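Notes for the one structure printed next.
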Amino acid sequence: DALVATGNNTLTALNDGSDESIVGENAFDRAVRDLRSRHKWPFAETSATLAEVAAAEMKSQKYDKGYRLPADVLHVKSVYVGGYMTHDYEILGRIVCLDGGTAVITATYIAAPADADWHPQASEILTQFVEVGCLRGLNEDFAEATARERRAEQRLGETRTTVDQQNAPRPAFRSSIRDARLTRRV
């Protein structure tokens, strides 16, 4: 879609070695990484039970236990000890360190979503960012690329607002006292 929108030749096969293939693939990979990391997309949210790591892997000076994060984690949203959210943990590398006792530790996180799972608006923004890469790399039209990049950024802001409305509203200020009242201490 991005190649057509920028007036370039379409691909007859992926990775065919053409300039369009090289520039398009590079722009696509960059845009996917960027969009995945810039927002906590609800369509990419999932949770998993974490497995405890050996004591030799623990690097924390503050906590006594560590739990390995899944390989597809991009951003940890929350950690639960025995079903209750905790704010008393640290992440060192791919390990969540905390004092968990014998409770089951789970994490809610943003994962790298499969291509089919992307929200339609996120897919459109992705295409627009790939267009920017094609305009810069193939057409060498930097002014148009900058204009389209601005439009994509604007659309990203609008889409984030819309997509985030699917979840319950979050308070602007997170009170530790309020959280303590809502969370059972383990």
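Residue numbers count from 1 along this sequence. It should be emphasised that the depicted structure is a prediction, and the values quoted were computed from it without experimental measurement.
Asn9 has its side chain out of reach of Ser18: every pair of non-hydrogen atoms, C-beta onward, lies at least 4.5 Å apart. In this structure the side chain of Tyr109 never reaches within 4.5 angstrom of the side chain of Leu74, judged on heavy atoms. The shortest distance between side-chain heavy atoms of Leu50 and Pro70 falls below 4.5 Å. Tyr80 is not listed as a side-chain neighbour of Ile105, based on a closest heavy-atom distance of 4.5 Å or more. At least one side-chain heavy atom of Glu45 sits less than 4.5 Å from a side-chain heavy atom of Thr108. You'll find the side chain of Leu11 reaches within 4.5 Å of the side chain of Ser21, heavy atoms only. Side-chain contact between Val81 and Leu98 is present, with at least one heavy-atom pair separated by less than 4.5 Å.
Considering every non-hydrogen atom in both Cys134 and Ala2, the closest pair reads SG-CB, 4.4 Å. Across every non-hydrogen atom of Ile95 and Gly66, the tightest pair is CG2-CA, 3.7 Å. For Ala122 against Leu35, the heavy-atom pair with the smallest separation is O-CD1, 3.9 Å. Looking at every heavy atom in both residues, Ile125 comes nearest to Thr159 through CD1-OG1, 3.5 Å.
Ion pairing between Glu57 and Arg68 holds under the 4.0 Å rule for side-chain N and carboxylate O. A salt bridge does not link Lys62 to Glu90: none of the charged nitrogens lies less than 4.0 Å from a carboxylate oxygen.
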Query raised in the report: Should Leu126 and Val32 be marked as a side chain to side chain contact (heavy atoms under 4.5 Å, CB included) after you check the CA-CA gap, both sets of side-chain angles, and the distance that decides it?
Result: CA-CA 7 Å; Leu126 174 64; Val32 166; 3.6 Å; yes

Query - side chain to side chain contact (heavy atoms under 4.5 Å, CB included) between Leu135 and Phe142, worked out - result: CA-CA 7 Å; Leu135 285 166; Phe142 300 105; over 6 Å; no

Query raised in the report: What do the steps show when you test Glu153 against Phe129 for side chain to side chain contact (heavy atoms under 4.5 Å, CB included), and what is the final call?
Result: CA-CA 9 Å; Glu153 290 288 347; Phe129 279 118; 3.6 Å; yes

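The NE2 atom of His87 lies 8.5 Å from the OG atom of Ser78; values are rounded to the nearest 0.5 Å. Taken from CD in Glu158 to OG1 in Thr161, the straight-line distance is 8.0 Å, to the nearest 0.5 Å.
More than 12 heavy-atom neighbours from other residues, nucleotides or ligands sit within 6.0 angstrom of CG on Asp72. Counting heavy atoms of neighbouring residues, nucleotides and ligands inside a 6.0 Å radius, atom CZ of Arg30 does not exceed 12 of them.
Side-chain heavy atoms closer than 4.5 Å link hydrophobic residues (I, L, V, M, F, W, Y) into clusters, and following such links, even through other members, never connects Tyr67 to Val53. Cluster membership for Met85 and Val104, using ILVMFWY side-chain heavy atoms within less than 4.5 angstrom, is not shared. Hydrophobic cluster membership differs between Leu69 and Leu92, with clusters built from Ile, Leu, Val, Met, Phe, Trp and Tyr side chains linked at under 4.5 angstrom. Under the 4.5 Å side-chain contact rule for hydrophobic residues, Ile22 and Phe28 do not share a cluster. Two different hydrophobic clusters hold Leu138 and Val132 under the rule that ILVMFWY side chains link at heavy-atom gaps under 4.5 Å.
Side-chain N/O atoms of Asp99 and Tyr89 include no donor and acceptor closer than 3.5 Å. Side-chain contact check for Gln128 and Arg148: no donor-acceptor pair (N or O, by modelled atom type) lies under 3.5 Å.
Of the residues listed (Glu144, Glu131, Arg136, Gln154), the one engaging Glu149 in a side chain to side chain contact (heavy atoms under 4.5 Å, CB included) is Arg136, and it is the only one.
Put simply, the side chain of Lys65 never gets that close to the backbone of Cys97: no donor and acceptor are under 3.5 Å apart. Between the side chain of Asn139 and the backbone N or O of Thr6 there is at least one donor-acceptor pair closer than 3.5 Å.
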